[in-house]
There are 2 protein chains.
Amino acid sequence: MSDEEKKTRLRLREFLPYRLSVLSNTVSRGIANLYDREFGLTIWQWRVMAVTGDAPGISATEIGQRTAMDKVAVSRAIAGLIEVGHIERKTSESDGRRSELFLTKAGQDIYEMIVPIALDAERKLMETLSSDEQDQLNRLMQKLAASASPDRPLW
Amino acid sequence: MSDEEKKTRLRLREFLPYRLSVLSNTVSRGIANLYDREFGLTIWQWRVMAVTGDAPGISATEIGQRTAMDKVAVSRAIAGLIEVGHIERKTSESDGRRSELFLTKAGQDIYEMIVPIALDAERKLMETLSSDEQDQLNRLMQKLAASASPDRPLW
DNA sequence: GTCAATTAGTTACATATGAAACTAATAAAG
DNA sequence: CTTTATTAGTTTCATATGTAACTAATTGAC
C-alpha cells in the first residue's frame with residue numbers, strides 16, 4: 001500500500017475533532033443534568049452565576065467575554081436568573097447602558113451549594129488521572145486551545 | 001485561609017468541563033465552516049459520509065452508533081445527503097425495515113476530496129504537539145472518555 | 001397461523017440557538 | 001450644541017435540535 005493510500009483513510013473514532021466533540025458532549029450532558037436536576041439551572045445560567053459570584057458587579061458584556069457565550073445567550077440566561085431571583089441588576093451610575101450584576105442572597109446560597117458539587121464532579125472525572133497526567137492534560141489543552149484559536153485560522 | 005475556603009473557589013477558566021466545551025466548540029466551529037464552505041455539508045452530514053465511505057452498506061442505526069449521533073439526526077443527515085445525491089439507499093433484502101447506504105459516484109468523489117483536507121486540519125491542530133505529547137493526548141482522552149462514560153455515572 | 005412485543009426509521013412538536021435588526025445611551029466630530 | 005458613530009443589551013425571526021409519537025416491518029409467544 002502506498003503512503004498516499006494509507007494517509008487517505010479517515011477513521012472517525014480516531015479523528016481528534018470528533019473525539020473532542022464526543023468527550024465534551026458526554027461531560028457537558030452529565031453536568032447539565034446535574035445542574036438542572038439539583039438546582040433547575042441551565043449550563044448557561046450556571047456559567048453566569050459562576051462569574052457573577054466570582055466578580056460581583058460584572059456586566060453582561062464582560063460575562064460574555066469570560067464565559068465564551070454570545071451576548072444573546074448571556075442576555076437570556078440573565079433574564080432567567082433575575083426571574084427566579086438568583087441575581088439582580090443595577091444600572092451603572094456612570095453609564096446608563098451598562099448594568100451591574102450581583103447575586104442575591106438566595107443566589108449566593110445556591111452558588112455556595114453548587115461550587116463544591118461542581119468541583120467534586122470535576123475531581124471524579126479526573127481521579128483516574130495521576131497528578132502528572134493532570135499536569136500534562138493542562139498543558140496539552142492550553143496548547144490545543146492556542147492552536148485552534150480563531151485568531152490563527154487553520155482552515 | 002482554611003482548606004475549606006480554598007476549595008470553595010471555582011474559576012471557570014480552570015474548570016475542566018468548561019475548558020473542554022470551549023475547546024471542542026472552537027475546533028468544531030472551525031471545521032464546520034470548512035465543510036460548509038467547501039462542500040456545503042453540515043458536520044452531521046460529513047460524519048454520515050465518513051462512516052458510509054468507510055463501511056458501505058451500513059444502516060442508519062449503525063451510523064448512529066458509530067458517530068454518537070441520535071437517530072433523528074442521522075435520519076435528517078441522510079435525507080439531506082440523498083437529496084443532493086451524495087448517497088443512495090437500498091432496502092435490505094433480508095429485512096425490509098433496514099436500509100443499506102452507499103456513497104454515489106459523486107459522493108465518492110467528494111469523500112475523497114474531504115478526507116485529506118480533514119486530516120490536514122487535524123495535523124495543523126496537532127502540529128504544536130510533539131510526538132510524545134500526541135501519544136499523551138491519546139491516552140488522556142481515552143481515560144477521560146472512560147471516566148465520563150454514561151455507564152459509569154459520576155453525577 | 002395470529003396477535004403482542006420489538007426494531008428501523010420518519011414525522012411532529014416544542015424548545016434552543018444564532019444572526020441580524022432594533023432600542024437606548026454614550027462618545028466623538030464638527 | 002447637534003448630529004453621527006459606537007456600544008450595551010434586547011427582541012425578532014429563521015433554523016437546529018431533541019423528545020415523543022408514529023408507521024412499517026420483523027420477531028416471538030402461543
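A note on names: the letters A, B, ... follow the listed sequences, proteins ahead of strands, and every chain is numbered from 1. Predicted model only: the values in this text are computed from it and were never measured.
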K.L.:
Using the side-chain hydrogen bond (donor to acceptor under 3.5 Å, both in side chains) rule, collect all pairs that involve residues 63-87 of chain B, keeping only residues at least two apart or in two chains.
P.N.:
none
K.L.:
Rounded to the Å, how far apart are Leu81(A) CG and dG9(D) P?
P.N.:
15 Å
K.L.:
Other residues, nucleotides and ligands only: do more than 12 of their heavy atoms fall within 6.0 Å of CZ on Arg13(B)?
P.N.:
no
K.L.:
What is the distance, rounded to the nearest whole Å, between atom CZ of Arg47(A) and atom P of dA16(C)?
P.N.:
16 Å
K.L.:
Do the side chains of Lys124(B) and Glu122(B) get close enough for a salt bridge, i.e. N-O under 4.0 angstrom?
P.N.:
no
K.L.:
Using the test salt bridge (Lys or Arg N to Asp or Glu O under 4.0 Å), find all partners of Glu88(B) that sit at least two apart in sequence or belong to another chain.
P.N.:
none
K.L.:
Can you tell me how far C1' of dG9(D) sits from CD1 of Ile78(A), to the nearest Å?
P.N.:
9 Å
K.L.:
Rounded off to whole Å, could you give me the NZ-to-P distance for the Lys90(B) and dG9(C) pair?
P.N.:
16 Å
K.L.:
Quick one: is Ser75(A) getting a side-chain N or O under 4.0 Å of the dT10(D) phosphate, OP1 or OP2?
P.N.:
yes
K.L.:
Is a salt bridge present between Lys143(A) and Glu133(B), judged by a nitrogen-to-oxygen distance below 4.0 Å?
P.N.:
yes
K.L.:
Rounded to whole angstroms, how far apart are CZ on Arg98(A) and C1' on dT10(D)?
P.N.:
17 Å
K.L.:
Quick one, give me the B/S/- string for nucleotides 15-27 of chain D, reading 5' to 3', where B means a protein heavy atom under 4.0 Å from the base and S means that only happens at the primed atoms, P, OP1 or OP2.
P.N.:
--BBBB---BBS-
K.L.:
Which nucleotide, dT11(D), dT10(C), dA8(C), lies nearest any side-chain atom of Thr61(B)?
P.N.:
dA8(C)
K.L.:
Using side-chain heavy atoms (C-beta onward) and a distance below 4.5 Å, is Gln134(A) in contact with Leu137(A)?
P.N.:
no
K.L.:
Whole angstrom is fine here: how far is it from CE in Met69(B) over to P in dA8(C)?
P.N.:
17 Å
K.L.:
Rounded to the nearest angstrom, tell me the gap between atom CG in Leu101(A) and atom C1' in dT10(D).
P.N.:
14 Å
K.L.:
OP1 or OP2 of dT10(C) less than 4.0 angstrom from a side-chain nitrogen or oxygen of Arg89(B), does that happen here?
P.N.:
yes
